[in-house]
Amino acid sequence: MVDLVNQYKRIKPEIDSAIQAVIESGQFILGKTVSEFENNAAKYLGVRHAIGCASGTDALQVALMALDIKDGDEVITTSFTFVATVETIVLLGAKPVYVDIEPDTFNIDPTKIEKAITEKTKAIIPVHLYGHPVDMDPVLEIAKKYNLYVIEDSAQAMGANYKNKKVASIGDIGCISFFPSKNLGAYGDAGMITTNSDELAEKIRMIIVHGSKTRYYHELLGVNSRLDAIQAAILNVKLKYLDEWNNLRNDFAKVYNQLLNSELIKIPIIKPYAKHIFHQYTIRVNRRDELSEFLKNKNIPHAIYYPIPLHQQNAYKHLSPVNLSLPETEKAAREVISLPMHTELTFEMQKYIADAINTFFKNSN
Ligand SMILES: *Cc1c(COP(=O)(O)O)cnc(C)c1O
């Protein structure tokens with residue numbers, strides 16, 4: 001699905017010397033290298049504050065903590081996302097309230113949010129799934145009308161634009177993951193929290209170091225979630241290539257679009273308001289599980305994000321009404337399949353993959 005080793009080989013001298021410099025500096029957690037990356041990321045995203053932390057999951061948890069989300073609160077989000085979006089809500093004692101998705105973008109359907117709001121609703125977490133931005137204007141409008149916070153789960157969308165803004169710079173707080181396979185990937189766990197609010201930024205900077213501004217004086221309940229300097233050094237090098245790599249992914253998506261038989265396979269769409277960064281290239285098909293088996297037998301990598309929506313997961317289903325029905329979410333979970341998408345793809349690989357998929361459908365229809 002990804003090829004991080006060959007990507008590394010292309011930038012090896014730069015990466016190696018950046019890592020070496022951190023080791024020689026003796027400063028491994030926070031410090032100058034982390035600040036440098038935070039400044040570069042803030043500039044890139046067009047946001048006032050970008051604060052490094054230990055993972056995308058922590059970014060979500062710290063964002064919720066900074067907004068005082070707690071026991072009894074409700075947070076509106078999507079059930080068609082990586083578990084971390086909801087796990088962090090539940091960890092803080094709040095309740096996830098799911099809104100169905102748009103069948104074409106797989107993102108939260110803004111027209112269905114208002115109906116899910118109650119007196120307990122405190123925040124909305126739109127997830128820019130697969131690297132395609134959520135339609136943010138209607139989300140912001142609803143949030144303003146009901147006085148709700150907006151946390152953008154931008155874990156899959158570093159570099160994507162909504163209209164002329166980068167995602168993670170639009171809501172009250174943005175959360176980014178630098179998990180190695182994300183579009184901007186570290187060589188270990190890493191994440192980032194973004195905001196335009198000076199007040200929230202100050203609070204977030206305290207929360208990630210045990211709730212303190214002055215060491216051993218604890219003003220807030222906090223966590224230990226700091227960005228490693230080695231990861232920041234790697235990310236500083238890779239950030240320079242991010243736009244180039246995201247454009248490459250867009251080119252590869254166009255190649256898949258042309259090669260795949262679009263009468264039998266629903267290829268991804270891009271909304272007029274979006275710059276898609278194709279974290280995943282995800283198609284929709286009938287008989288998805290049979291296709292997956294077929295590809296597996298041919299040793300063609302592929303993945304299903306996500307086979308079971310969160311409201312149906314054992315760990316979370318008790319938190320939703322038993323009769324909760326999210327038809328578009330449930331249908332997507334049965335039909336999606338993601339194809340290899342990374343910076344090291346070649347036309348030959350894409351042709352091989354697309355031919356195999358086309359053959360599967362031609363022979364079986
Ligand atoms: C990857 C991801 C996360 C979590 O990021 P980690 O860095 O792996 O903790 C959260 N939300 C979404 C949508 C993700 O894809």
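Each ligand, and each atom within it, is numbered from 1 in the order the structure gives.
- For the pair Asp153 and ligand 1, the shortest N or O to N or O distance falls below 3.5 Å.
- Summarising the contacts of atom 14 (C) of ligand 1 with Glu87, Lys182, Gln280, the nearest heavy atom is found in Lys182.
- Salt-bridge formation is detected for the pair Asp68/Lys203: a Lys NZ or Arg NE/NH1/NH2 atom is positioned less than 4.0 Å from an Asp or Glu carboxylate oxygen.
- Between Leu60 and ligand 1, no N or O atom pair is found at a separation short of 3.5 Å.
- Only the side chain of Val127 comes within 4.0 Å of ligand 1, counting heavy atoms alone; its backbone N, CA, C and O stay farther away.
- Between the side chain of Thr78 and the backbone N or O of Thr81, no donor-acceptor pair lies under 3.5 Å.
- Looking only at protein heavy atoms, the nearest one to atom 15 (O) of ligand 1 is Gln156 NE2, 2.8 Å.
- Between Phe106 and Tyr130, the distance from one ring center to the other falls under 6.0 angstrom.
- Those atoms of ligand 1 with a heavy atom of Thr81 less than 4.0 angstrom away are 13 (C).
- Taking any N or O of Ser177, backbone or side chain, at least one lies under 3.5 Å from an N or O belonging to ligand 1.
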Exercise. Run the salt bridge (charged side-chain N to carboxylate O under 4.0 Å, His left out) check on Asp198 and Arg48 step by step: do they pass?
Worked result: CA-CA 8 Å; Asp198 296 347; Arg48 274 178 74 77; 2.9 Å; yes
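- A salt bridge is defined here as a Lys NZ or Arg NE, NH1 or NH2 lying under 4.0 Å from an Asp or Glu carboxylate O, and Glu141 with Lys145 fails to meet this definition.
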